[in-house]
Number of protein chains: 2
Amino acid sequence: MSTPLEKARKDPESMKARILDVARRIFGEYGFHGTTTRMIAQEVGIDISTLHYHWGGKKDLYESVVIDINKDLRQKLIDVEQAIHGLPLGERLDISIDMTTDYLFEHPEVSNLILFRYFGKTRSAGNLDAIIPEFTADIARSMGLALDKKNVPPETMMKVLAVMNAIHNFISGENFFRPMVKVDRERYIALVKETLKFIHIPAFTQNEAT
Amino acid sequence: MSTPLEKARKDPESMKARILDVARRIFGEYGFHGTTTRMIAQEVGIDISTLHYHWGGKKDLYESVVIDINKDLRQKLIDVEQAIHGLPLGERLDISIDMTTDYLFEHPEVSNLILFRYFGKTRSAGNLDAIIPEFTADIARSMGLALDKKNVPPETMMKVLAVMNAIHNFISGENFFRPMVKVDRERYIALVKETLKFIHIPAFTQNEAT
DNA sequence: TTATTTATCCATCAAACGATTGAATCACAG
DNA sequence: CTGTGATTCAATCGTTTGATGGATAAATAA
């Protein structure tokens with residue numbers, strides 16, 4: 001009950017927590033190799049050695065960030081699950097998209113970091129990929145697409161991945177996509193929800209009917 | 001008719017071309033900051049200075065890679081456009097997904113690099129983002145979702161982005177997703193096509209009916 | 001009080017990185 | 001052959017980066 005990470009989370013004003021928050025954001029923006037410990041330290045307003053004192057090495061800090069992100073996302077999944085419990089599939093999707101999108105637009109570094117881990121490799125031999133959380137099966141179950149989180153068929157896993165990826169893409173790619181569609185931020189958020197629902201709801205509800 | 005890049009492409013066995021090919025792959029895997037000029041040089045089997053002799057600096061090489069990737073993708077878009085011309089929307093989507101997916105699975109570095117540019121920032125102030133090709137409007141037109149590539153409505157742009165992103169995600173994230181669904185490569189490719197069609201065809205064809 | 005632990009910064013190191021220089025090698029026209 | 005430009009490599013430079021040691025101060029315990 002007192003891992004370093006949990007300890008840091010307890011007091012959000014502690015130096016450990018402040019470093020972790022900044023690290024989440026910067027690792028999310030620039031990736032592992034694009035981020036330097038000096039960038040994080042400078043943003044926090046401390047010396048590099050203070051960062052090392054609290055979190056060990058760069059890789060250790062990065063791992064903590066990944067774990068922290070996943071913890072937040074898992075908690076959000078539980079929230080969503082409660083909100084959609086018992087509703088028909090179409091509404092479940094509708095509400096899930098709204099809640100998840102709102103949350104991620106407020107914490108874009110979550111989407112950023114997840115996509116970085118999906119699509120980028122890390123030079124260092126040390127296996128950061130040891131921590132591969134299996135949200136996908138959980139989501140499949142909570143969406144009602146699978147009965148238990150064990151033995152979810154590949155087809156269902158792929159469909160859930162498609163939905164999650166679509167959300168992360170629009171969040172994380174805002175800086176790239178929003179100038180393309182030439183709308184302000186508020187309109188963009190509305191467009192993202194609208195598009196996600198347009199794309200995904202027909203597929204799943206049609207499937208339900210057959 | 002004789003930019004350095006075109007010159008390199010003319011003779012695929014030239015040193016310039018060999019460097020460019022390797023750079024495409026490695027930049028795609030590790031991103032800009034995750035790639036070192038030494039990694040590329042070693043993979044080609046040459047000295048670093050030879051790389052610099054042909055391509056200038058690291059940033060110059062990266063820019064050439066981005067341009068090269070976009071050139072290939074634009075050509076592929078033309079191929080697809082010809083193949084689907086005149087067909088109904090459902091079939092256009094079906095064929096587009098098949099062709100694009102097959103192509104990108106053979107050249108995953110294309111998807112890798114595009115996603116890196118979408119979701120990651122580059123530390124260097126030098127504006128690499130000057131080169132932002134506008135495929136999206138072209139795709140919207142060739143899919144028959146817009147009449148001309150000017151004034152494509154934001155809603156349509158977003159839908160096209162959703163389709164393109166979904167494809168790139170499954171290609172580029174294969175190393176991450178395939179172990180999750182526990183299938184071999186051949187089955188994964190089939191699943192990707194199947195899933196993409198399941199998700200996207202109902203949305204667009206239903207929309208067409210209304 | 002004094003002693004000890006905790007936390008922070010300054011200075012600095014070794015390794016890695018991007019880049020350059022100058023010499024060596026090769027292709028080939030004269 | 002010979003000379004000339006294009007190409008390649010070995011050696012190295014200056015900088016950045018991750019990381020550490022030691023001094024210092026603040027907090028805490030004895």
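First the proteins, then the strands, lettered A, B, ... as listed; each starts at 1.
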Checklist line | A/Lys71 vs A/Asp68, salt bridge (Lys or Arg N to Asp or Glu O under 4.0 Å): CA-CA, chis, key distance, verdict | finding: CA-CA 5 Å; A/Lys71 192 205 64 184; A/Asp68 196 46; 3.6 Å; yes
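Nearest approach of A/Ile199 to B/Ala203, heavy atoms of both residues: O-CB, 3.6 Å. The nearest pair of heavy atoms linking A/Phe27 to A/Val65 is CD1-CG2, 4.1 Å.
Across the protein-nucleic acid pair, B/Lys58 atom NZ and D/dT15 atom P stand 18 Å apart, rounded to whole Å. Nucleotide C/dA19 holds its C1' atom 20 Å from the OH atom of B/Tyr62, rounded to whole Å. Rounded to whole Å, atom P of D/dC9 lies 13 Å from atom CD of B/Gln42. The separation between A/Tyr30 atom OH and D/dT16 atom P is 17 Å, rounded to whole Å. The CG-P distance, from B/Leu51 to C/dG18, rounds to 10 Å in whole Å. In this entry the distance linking CG of B/Leu61 with P of C/dC17 reads 16 Å, nearest Å. Note: CH2 (A/Trp55) to C1' (C/dA7) measures 15 Å, nearest angstrom. Residue B/His33 contributes atom NE2, which lies 13 Å from atom C1' of D/dT17 at whole-angstrom precision.
Centroid-to-centroid, the aromatic rings of A/Phe177 and B/Tyr118 come within less than 6.0 Å. B/Phe119 has its ring centre no less than 6.0 Å from the ring centre of A/Phe176.
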Just the table, please: protein N/O against nucleotides 8-14 of chain C N/O, every pair under 3.5 Å.
unit_1, atom_1, unit_2, atom_2, d
C/dT8, OP2, A/His54, NE2, 2.5
C/dC9, OP2, A/Asp47, N, 3.0
C/dC9, OP2, A/Thr50, OG1, 2.8
C/dC9, N4, A/Ser49, OG, 3.3
C/dC10, N4, A/Ser49, OG, 2.8

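Shown here is B/Gln42, whose CD atom has no more than 12 heavy atoms of other residues, nucleotides or ligands within 6.0 Å.
For the OP1/OP2 pair of D/dT8 and a distance below 4.0 Å, the side-chain nitrogens and oxygens of B/Arg18 include no atom meeting the criterion.
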